[in-house]
Amino acid sequence: MLTTGPRGTKDILPDISYSWRYIENIIHELCQQAAYQEIRTPIFEHTELFLRGIGETTDIVEKEMYTFTDLGQRSLTLRPENTAAVVRSYLENKLYATLNPAKLYYIGPMFRYDRPQAGRYRQFHQFGVEAIGAKDPSIDAEIISLAIQFFQRLGLNDLTLQINSVGCPVCRPIYREKLQAFFKDKLPSLCKDCQSRYERNPMRLLDCKNEKCQELSQGAPHIIDCLCEECNDHFEKLQGFFKAANIDFIINKRLVRGLDYYTKTAFEIEYKPLGAQSAVCGGGRYDGLIEQCGGQATPAIGFAIGLERTFLALEKQNLLPPKDDSIKIFIAPIGEKAKEVAFRLVYELRSAHISAETDYLDRSIKAQMKSANRYQAEYVAIIGEDELLNNQVMLKNMKTSEQELVSIDDLKNKLVDKAGEKKND
Ligand code: HAM
């Protein structure tokens, strides 16, 4: 137990953490360029927020939440997603007073008691974006295009954008009735989950993974054919924006999302080679959520991208950048007194923003040269007995093997000069 992490969790080890930084840098740059601002909300929230926000009949709320009672007898939940929490924060901090639309993004861990498998974890990370306050389909197009641009910047291709409209409180009840009528005599043959979905959340009948249920749902009516005029117009205009910018998409009439807050636009981006867990991004419009959480009726749309799945896709396409943790200089002291000088030098060089490392294990000079190579050090400064007496180091260029004696007091300036020479090369 003590040497194994909880099921469905993963350590991000040094050999991969640099890739996370690479992806995070792309996210920050992209969002800054598109005028989105970062928001960081707590990892746990009042359970009530998710019950109301995500929907009590969803799989997430029914089966997947990490809920606990704290010492003050409050029911809290590790966030299974972050849209509800961003909405809570938007209302609590009155962001609507200064940001309209509020264009927000986040990166962080989410928690779902899912059945772990490749691409599906109990703690996973999302990059998510929410635009709150605009109802025009142009913002739907912008949000979706941002997700596409994120994958483009990573160099990923073979992605498919699928869109659908899930209607609104005007057209959905009519569709609901049609759907229930379609499934009525099939009800006894549906799986247990679907039997309970029939009353509580019939649109989810289309999303069941059970083969028999999938078979029985063939020929079911599609919401897209039952949209009210406003939803239809919104969906048409969204497609117009995609066509104008040459963004490829597929209309997937069966696309329904696993969270209850969606209205109008719903979308997913798929990377098929990932197999069963191929959805790398999911999102949509949630025009009713802000009011449901106690605010004024406010339209909104967003998405979340699964970063572990993005990593799997990058690995498949061999697109992870090479690791670069090279340092400028390795200080190699020989003997006790030299160690003090080495410590001082490392301290001063790092203060001057020059990357420097030394030996802490009293290694022989040969072993220290090996360490320097492992660090891909550009230079090694050897401090032996003679050097110490003369207040010097033997500075070795690891590429050319050239060596020169340099005064300890000049070392910092020398490295700065050399950096300048290199630039002028
Ligand atoms: P979601 O579809 O539940 O949407 O999750 C978005 C993405 O998170 C998925 O497409 C997938 O890549 C990743 N993901 C979900 N569950 C797991 C898991 N157990 N392990 C690994 N990755 C996972 C939402 O979360 C919505 N909040 C998106 C949104 C934002 N809608 C509007 N704004």
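Counting starts at 1 for both ligands and their atoms, following the listed order.
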Is the closest side-chain heavy-atom distance between T400 and N397 below 4.5 Å?
yes

Please list, chain by chain and in numerical order, all residues satisfying side-chain hydrogen bond (donor to acceptor under 3.5 Å, both in side chains) with S75, sequence neighbours excluded.
T47

Which pairs with one or both residues in residues 83-99 pass salt bridge (charged side-chain N to carboxylate O under 4.0 Å, His left out), sequence neighbours excluded?
E45-R88, R88-E92

With R285 as the cation and Y262 as the aromatic partner, state whether NZ or CZ is under 6.0 Å from the six-membered ring centre and within 45° of the axis.
no

Give a yes or no on whether a salt bridge exists between D362 and K339, defined as a side-chain N under 4.0 angstrom from a carboxylate O.
yes

Exercise answer: donor-acceptor pairs, residues 30-38 side-chain atoms, under 3.5 Å, sequence neighbours excluded:
unit_1: Q33; atom_1: OE1; unit_2: R153; atom_2: NH1; d: 2.9
unit_1: Q33; atom_1: OE1; unit_2: R153; atom_2: NH2; d: 2.7
unit_1: Y36; atom_1: OH; unit_2: E142; atom_2: OE1; d: 2.5
unit_1: E38; atom_1: OE1; unit_2: R40; atom_2: NH2; d: 3.3
unit_1: E38; atom_1: OE2; unit_2: R40; atom_2: NE; d: 3.1
unit_1: E38; atom_1: OE2; unit_2: R40; atom_2: NH2; d: 3.4

Show the protein residues that qualify under the rule heavy atom under 4.0 Å from an atom of ligand 1, listing them in chain and number order.
E81, T83, R112, D114, G119, R120, Y121, F124, Q126, E130, R257, L259, Y261, Y262, A279, V280, C281, G282, G283, G284, Y286, G302, F303, A304, G306, R309

